[in-house]
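What you see is a predicted model, and the numbers here were worked out from it, not measured in a lab. Atoms considered below: every heavy atom in the structure, side chains included; atoms not considered: hydrogens, waters and symmetry mates. Throughout, protein chains are lettered first and strands after them, A, B, ... in sequence-line order, and every chain is numbered starting at 1.
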Amino acid sequence: MTEPTDLHYLSLARLSGLLETREVSSVELTKALIARIERLDDEYRAFITPTFELALDMARAADAEIAAGRKRGALHGIPVALKDAYDTKAIRTTICSRVLADRVPSEDAAAWEKLRDAGAVLLGKLECTEFCLGGPSDNGLVPHSRNPWNTDRYPGGSSSGAGVGLSAGLFPGALGSDTGGSVRIPAAFCGIVGIKPTYGLVSLRGLFPLSGSLDHAGPMARSSEDCALMLDIISGHDPRHPTSVVAAPPGATAALSDRLDGLRVGYVRGFAEEEGVGEEPRLATEVALQVFAELGAEVVDVELPSLWDFTVCNSVIMMSEAFAIHEEWLTSRAGDYSTLTKARISLGGFISATDYLEAQKMRRELAQATRRAMDEVDVLVYPGMIGDPPLAADVKPFYFLNTPLITAPANVSGVPAVSTRCGFSAAGMPMALQVTGRLFEDATVLRVSHAYERATPEFDRRAIA
Amino acid sequence: MSNPDAAEFERIALRVGLDPADHDMEGMRGAYIRLRELMTRLRSDDRAKTAEPLFTFDPVSNRD
């Protein structure tokens, strides 16, 4: 029998099995996690709005259905948490902003609707950077969450609470969102796993937009298998949102395998060697390439346009679209924005319509170049981050103008991209690699990252007990 | 103001409604100048002036 105190770092897949066999109940699991959150979250600050009473109600309902032989699937009875950018009916949803501090949606976001219908249990809403753009501000609505690997270091954003809570063992799965890397950066900095799915695969309805043409809703967990379980549930066409595509769920869980025989892996050496990308992430990625080869994949070098081209294209589109959303509030509610967020969003007002359209034209060219590169390979691999997470106190408003954003290429081209852990730096911080694939081949991407994780269990270290 | 970038910054800041009481104007000006440098990457002599800006993930319309 598994003791409730042992549950916090178990995988979602394993927990689902324990619920299935009724070795553990959803109420026991939920209570164990609530106790852990109450013990640790003052230090790590992953949650902005806990929903513990609701969670226990949902857990009791799940237990009753499972006991009656009506288990709905892998997520039934599993506690999860949501970035506070996802609308939750009758539950405050602020996007961690003072502007929307009292906002209570009347409907659930589409992705949460699907998890809820699958029987997931909502532990609460998670801290994120203000409006999914700001950084660790001293004058935001709530204090920023803290990286369990080193609380002085930035946990990455904007889905920071999700990365922190998963790393601290507060829940086994979460939903984040990703416009330039906001799922994958906290995944990398916190040593967990996150996937930005193909654009349009997961509905954006009810996810507060940062930049609609670049936004993606995606799962975060501690393994690719757990991300696959969640992605299979939250995917699918939503006729109520214009960016949702008519595509079947990816079947990611069924495609998982421990081997990669017959797959061609393209190493984007140019990204890894771009100025500003550190030697440690490059070397860690190159060591990972040897693992891919041992698993049966053929590894070849692949060329893409400059990482800076993707970075600038992403930043110009994101800042322009964000400014269009916030322009009126920036004047009427200026005092309600944190200094950092206000500066970043305001810079979007300096981008002309011509520059925005040139960025969208460039985006097509970059996406075409990405597609051509993938004619020859099944996936692309490159570092998940350019170095160790900076000290939270050192994050400047416009850092992104001076360092390449290695997560941006997948947002620009819309392809699926997973970030998974690949070792530890000399400073003891987690390192990460990215695997990206062809549009709508999310299952292949997760298959590759899963096989890699299975072959490298030595990197499954935890930040805290 | 002799620096054309600085003059342009002042003009746009006024239009955007940037209030010096709310912003580090020096920081914003520096960010704007850096952004201008970076945005030269967006232009391409190889791109037709009439190139379609609308981006879509429709596999047919995005074909080379």
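Contacts between Phe323(A) and chain B at a heavy-atom distance below 4.5 Å involve the side chain alone, from C-beta outward. Only the side chain of Arg34(B) has a heavy atom closer than 4.5 Å to any heavy atom of chain A. No part of Ala21(B) comes within reach of chain A, as not one of its non-hydrogen atoms sits under 4.5 angstrom from that chain. Looking at Thr311(A), neither its backbone nor its side chain comes within 4.5 Å of chain B, counting heavy atoms on both sides. Heavy atoms of Ser346(A) lying under 4.5 Å from chain B belong to its backbone as well as its side chain. Interface remark: Phe398(A) contributes side-chain atoms only to the contact with chain B (heavy atom separation under 4.5 Å).
The distance from atom CG of Leu340(A) to atom CG of Asp24(B), rounded to the nearest 0.5 Å, is 11.5 Å. Atom-to-atom distance recorded for Met39(B):CE and Thr354(A):OG1 is 10.0 Å, nearest 0.5 angstrom. If you take CD on Glu358(A) and CZ on Arg43(B), they are separated by 5.0 Å, rounding to the nearest 0.5 Å. Remark: Phe350(A) CZ to Met28(B) CE distance equals 5.0 Å, nearest 0.5 Å.
With Lys361(A) contributing its side chain and Leu42(B) its backbone, the two residues share no donor-acceptor pair below 3.5 Å.
Per-residue heavy-atom pair counts under 4.5 Å with chain B were compared for Leu347(A), Val316(A), Ile351(A), Leu357(A), and the maximum is reached by Leu347(A).
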Item to check | Derivation and outcome, side chain to side chain contact (heavy atoms under 4.5 Å, CB included), residues Met319(A) and Leu35(B) | outcome: CA-CA 11 Å; Met319(A) 285 192 290; Leu35(B) 179 64; 3.8 Å; yes
